[in-house]
Amino acid sequence: MSQSAPQKTLTASDIRARKGQDPLVCLTAYTTPVAQLVDAECDLVLVGDSVGMVLHGLPSTLGVTMEMMILHGRAVARGIERAMLVIDMPFGSYEESPAQAFRNAARLMAETGAAAVKLEGGAHMADTIRFIVERGIPVMAHIGLTPQAVNALGGYKVQGRAEDAERIHADARAVTEAGAFSVVLEKVPATLADQITDEIAIPTVGIGASAGCDGQILVIDDMLGLFDAFKPKFVKRYADLAKDARDAIRAYAAEVRSRSFPAPEHVFSDEGKGA
Ligand code: KIV
């Protein structure tokens, strides 16, 4: 009898060790069935606070709560076997103090089974990252465009152009020195992303950054074409599921109106087999 070895779940050390190796494949997920789909191909699955916009119809990620993250985190954890599961810390759950960040990061991990948290911010969050990493919580940093700071940044703009590049370099150095195991670079110029990738010792995961990053991440609903309220330049649509869904719903509506659904094979007779 042949028995296959149990799946090994990837850890922060495994992801960290992929620096400069073959690219890390990362996607977001918010539900169990989608987690099962992405787990088959991904090294890292993020329960992103993008859930607020793509599943809950919020105008930004600012209204996302700990309770929402925990609910979706638990659902995703049920679908993951191999990938590393990372969960976003929502706006307002970590910025006040390192102690507040530790308390909420520990709660997210204990209540969902995630193996790490992600939080937004560079140099100004370095003390917080150090504090929670030293207490046993792996941290993925997120710099460049940090959507929770959309109001302070004046919109979802490219970060780090021209003389602003040094600020992003400094952020990358600061989160690396603070002990983050990897860092998301969002919406920064490609040359800057390449320089940072060469410069720092932890894997960079790009979104709107560069193919030279150590890995890439996209929001699952964006790349499947399910979320079509708007499409940033950095999103490549690998499918058009919103169109497929609209076509299917239109076909269903027409068949209900014409009484051609349900057909004989979808209904039950008075007698015979079948549930
Ligand atoms: O919330 C999210 O989905 C993210 C990724 C896009 C990096 O932060």
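The figures that follow rest on heavy atoms only: side chains count, while hydrogens, waters and symmetry mates do not. This one's a predicted model, so the numbers in the text were calculated from it and none came from an experiment. Just follow the structure's listing: the first ligand is 1, and inside any ligand the first atom is 1.
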>> Can you see whether Ser50 engages Thr28 through a side-chain donor-acceptor pair at a distance of less than 3.5 angstrom?
In response: no

> Is any N or O atom of Tyr30, backbone or side chain, closer than 3.5 Å to an N or O atom of ligand 1?
Replying inline: no

> Salt bridge check: are Arg173 and Glu166 linked by an N-O gap of less than 4.0 Å?
Replying inline: yes

>> Only heavy atoms of Gly48, strictly under 4.0 Å: list the atoms of ligand 1 that pass.
In response: 1 (O), 2 (C), 3 (O)

> For atom 8 (O) of ligand 1, which protein heavy atom lies nearest, and how many Å away is it?
Replying inline: Lys118 NZ, 2.9 Å

> Honestly, is Arg135 close enough over Phe131, meaning NZ or CZ under 6.0 Å from the six-membered ring centre and within 45° of the axis?
Replying inline: yes

> Side chain, backbone, both or neither: which part of Asp49 has a heavy atom under 4.0 Å from ligand 1?
Replying inline: both

> Among all protein non-hydrogen atoms, which one is nearest to atom 4 (C) of ligand 1, and what is the separation to 0.1 Å?
Replying inline: Leu46 CD2, 3.6 Å

>> Within the 4.0 Å heavy-atom shell around Val219, which atoms of ligand 1 are there?
In response: 3 (O), 6 (C)

> Are the charged groups of Asp164 and Lys157 less than 4.0 angstrom apart, N to O?
Replying inline: no

> In terms of residue, atom name and distance, what is the protein heavy atom nearest to atom 2 (C) of ligand 1?
Replying inline: Ser50 OG, 3.3 Å

> Run the salt bridge (Lys or Arg N to Asp or Glu O under 4.0 Å) check on Asp39 and Arg82 step by step: do they pass?
Replying inline: CA-CA 6 Å; Asp39 186 53; Arg82 178 188 168 271; over 6 Å; no

> Does the side chain of Glu186 come under 3.5 Å of the side chain of Tyr156 through a donor N or O and an acceptor N or O?
Replying inline: no

> Hey, are Asp14 and Thr11 close enough side-chain-wise for a donor-acceptor pair under 3.5 Å?
Replying inline: yes

> With only distance considered, is Thr28 within less than 3.5 Å of ligand 1 through an N or O on each side?
Replying inline: no

> Heavy-atom contacts under 4.0 Å between Asp88 and ligand 1: side chain, backbone, both, or neither?
Replying inline: side chain

>> Is there a polar contact between ligand 1 and Glu186, counting only N or O atoms under 3.5 Å apart?
In response: no

> Can you tell me the protein heavy atom closest to atom 6 (C) of ligand 1 and the distance?
Replying inline: Ile207 CD1, 3.5 Å

> Is a side-chain donor-acceptor pair under 3.5 Å present for Arg167 with Gln159?
Replying inline: yes

